[in-house]
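The block underneath contains the structure these notes are about, expressed in structure tokens.
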Amino acid sequence: MRLRVSRLSLASRLLLAVFCFSLAPAGTPVHSAEPNRLESSSWNQWRGPNRDGTLAQPTAWPDRLTGNIEKAWSVALGPSYSGPVMVDGLVFTTETVNKQFERVTAYDIATGDLRWEHQWDGSMSVPFFAAANGDWIRATPACVPGYLVVLGMRDVLVCLDTETGEERWKTDFPAETGSALQPFGAACSPLIHNGAVYVQVGAGLTKLSLESGEVLWTVLSGGEDMMSRGAFSSPSIATTAGQEQLLVQTREELCGVSLESGDVLWRETIEAFRGMNILTPLAIGDSVFTAAHSGKSQLFDIQRGDSTKAWAANERWNQKTQGYMSSPVVVDDHVYLHLKNERFTCLSVDDGSIQWTSAPVGKYWSMIRNKNCILSLSANGKLRLIDANPDEFKVLDTQQLAEDSWAHLAVSSEADQPLILIRALNSLTAYRWKNP
């Protein structure tokens, strides 16, 4: 029921290790089953322009980190798990201030100079057993030219002018819809698409007007207890079985939802410990991959009948590997996934077979994929450059750049030279790639 309210070969692998980021010709496919491409080319939202951890335009990077990156600028901040996002030469980050306010700050992407800041009341405490994961803002904002949308811990969605920081509108979901606060705080990173904002809050998956903040529909409201209310995951968009749709994970289900009407097209129950269904769904052609805490890895083929037009999500395979918080990337028909047991694995898209599994590499990491290489940042601040090789776990180089970095890694190509942006718990630092 919808709630409506007003508001390769061996030789190829050796060449890759020497220069894995050589520039591809325009139009070169990145992998054989591309997810749906969205509109922006900047790192303007959770997991990048297409919400799949992949650069919109493959580019040239050095083949090693050592000697090829240098600090451009750094600023001290209050705690946050939000990844930095950027548009039109500005980078935006969030912080929780004095356990009382939530603040958004804009910096010049090339120099780190402060442009503006805006804050509102926004603190809350999480249950004692989750305190180790922090009680500060955690959702990554989304932006397009002129509009920055931020979700605070208390389910307050704020839209700001990207140039001035002036508030365009604010929607307080508990106050305006009567929904209960999410017990662990809001975690979903908003999605902006075709003049609308999509976000999972305590009331459910909600569509709002980007211009006015008017709520257009709400679905998938979830349960009423601590283990089923709200959401940990963030939605993505894909054209699947011929129809553009939202791919959504609630605490208990994986779903396809109509962008226009909010109708739930298909849904599948996902096994997850205490509702910890956290990963962003990954579209691979007409299939969707997910993995849950203490559940399993699964690939579903999404189909629609020719005569009945009925939707179906048919499980192609499932297997034992368990994801947790780190959303995966796909390269050349292989899924690269960080696991609950702190290891990294490579799975075949075709049948789910495990190609390899690494030794422990850290509790959490975020990943950016550029052609056949992966740049990963672990929670302990270690940056790795990895050859996306289904034959072996192959780290090309490593640099220690932070101490506590749970926020998602970001990459900018808007400055004169590409930048790597790392949001550690108490700072934002930009590192400049040297010319390859």
Side-chain angles (χ1 to χ4, degrees), residues 1-3 46 51 126-127 129-130 133 138-139 151 155 173-174 177-191 198-207 217-238 240 245-259 262-283 287-302 310-328 337 339-340 352:
M1 178 178 179
R2 292 195 298 277
L3 170 66
W46 168 245
R51 296 176 82 88
V126 300
F129 55 84
N133 290 328
R138 56 199 62 195
L151 180 64
D155 270 357
F173 285 95
T177 71
S179 61
L181 284 177
Q182 299 188 63
F184 302 97
C188 174
S189 299
L191 187 163
Y198 301 88
V199 66
Q200 288 173 267
V201 291
L205 173 68
T206 300
K207 178 181 181 178
W217 50 251
T218 298
V219 296
L220 300 173
S221 58
E224 295 302 322
D225 61 23
M226 182 177 292
M227 302 308 169
S228 60
R229 187 169 71 247
F232 293 133
S233 179
S234 300
S236 59
I237 293 177
T240 305
Q245 57 192 270
L246 290 158
L247 301 179
V248 182
Q249 291 203 139
T250 70
R251 298 284 297 274
E252 299 174 329
E253 293 181 311
L254 174 66
C255 309
V257 178
S258 166
L259 288 155
D263 291 336
V264 178
L265 306 176
W266 54 268
R267 62 203 310 165
E268 284 291 325
T269 299
I270 299 297
E271 177 185 349
F273 176 70
R274 294 181 176 175
M276 284 192 272
N277 195 8
I278 299 174
L279 304 192
T280 296
L282 179 64
S287 303
V288 182
F289 172 84
T290 191
H293 182 296
S294 300
K296 51 195 172 184
S297 291
Q298 296 172 277
L299 186 75
F300 294 95
D301 294 322
I302 311 304
W311 288 88
N314 299 313
E315 184 184 78
R316 185 192 306 182
W317 52 258
N318 74 72
Q319 49 96 300
K320 64 180 182 179
T321 52
Q322 298 174 338
Y324 184 19
M325 293 180 286
S326 304
S327 294
L337 174 67
L339 303 177
K340 169 191 165 187

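Closest approach of Ile278 to Phe232, counting heavy atoms only: CG1-CB, 3.6 Å. Minimum interatomic distance between Phe289 and Leu337 (heavy atoms only, all atoms of both residues): CZ-CD2, 4.0 Å. Scanning all heavy atoms of the two residues, the minimum distance from Leu265 to Trp311 falls at O-CB, 3.2 Å. Considering all non-hydrogen atoms of both residues, Phe300 and Ala313 come closest at CD2-O, 4.2 Å.
Contact annotation: the side chain of Val248 never approaches that of Val219 to less than 4.5 Å [non-hydrogen atoms, C-beta and beyond]. The shortest side-chain heavy-atom distance between Trp266 and Gln245 falls under the 4.5 Å cut-off. Annotation: side chain of Arg51 is in contact with side chain of Ser189 (closest heavy-atom distance under 4.5 Å).
The distance from atom CD of Glu268 to atom CD of Glu315, rounded to the nearest 0.5 Å, is 8.0 Å. We find the CG-NZ distance between Leu246 and Lys207 to be 8.5 Å, quoted to the nearest 0.5 Å. Taking NZ of Lys296 as the reference point, atom CH2 of Trp317 lies at 11.5 Å (rounded to 0.5 Å). Taking OG from Ser221 and CG from Leu205, the interatomic distance works out to 10.5 Å, rounded to the nearest 0.5 Å. The CE atom of Met276 sits 8.0 Å away from the CZ atom of Arg251 when rounded to the nearest 0.5 Å. The distance from atom CG of Asp301 to atom OG1 of Thr240, rounded to the nearest 0.5 Å, is 11.0 Å.
Tested against Pro281, the residues Ser234, Ser236, Pro235 include a single side chain to side chain contact (heavy atoms under 4.5 Å, CB included) partner, Ser236.
In this structure, Gln319 contributes its side chain and Gly352 its backbone to a donor-acceptor pair below 3.5 Å. A donor-acceptor pair is defined here as one N or O able to donate and one able to accept, closer than 3.5 Å; no such pair exists between the side chain of Ser258 and the backbone of Asp263. Side chain of Thr206 to main chain of Thr218: no donor-acceptor pair is present (N/O by atom type, distance under 3.5 Å, no hydrogens or angles). Checked by atom type and distance alone, the side chain of Gln200 pairs as donor or acceptor with a backbone atom of Gln249 at under 3.5 Å. Within the 3.5 Å criterion, the main-chain N or O of Gly202 finds a donor-acceptor partner in the side chain of Asp155. For the pair Asn277 (side chain) and Thr250 (backbone), a donor-acceptor distance under 3.5 Å is present.
Using cut-offs of 30° and 60° on the angle between ring planes, the pair Tyr324 and His293 is perpendicular.
With hydrogens and angles left out, the side-chain atoms of Arg316 and Ser287 include a donor and acceptor closer than 3.5 Å.
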- Task: For Leu220 and Arg267, run side chain to side chain contact (heavy atoms under 4.5 Å, CB included): C-alpha distance rounded to whole Å, both residues' side-chain angles, the deciding distance at 0.1 Å, then the answer.
- Result: CA-CA 10 Å; Leu220 300 173; Arg267 62 203 310 165; 3.4 Å; yes

- Message: Between Val201 and Ser179, does the side chain to side chain contact (heavy atoms under 4.5 Å, CB included) criterion hold? Intermediate values first, please.
- Response: CA-CA 9 Å; Val201 291; Ser179 61; 5.9 Å; no

- Step by step, work out the side chain to side chain contact (heavy atoms under 4.5 Å, CB included) result for Thr269 and Glu271. CA-CA 7 Å; Thr269 299; Glu271 177 185 349; over 6 Å; no

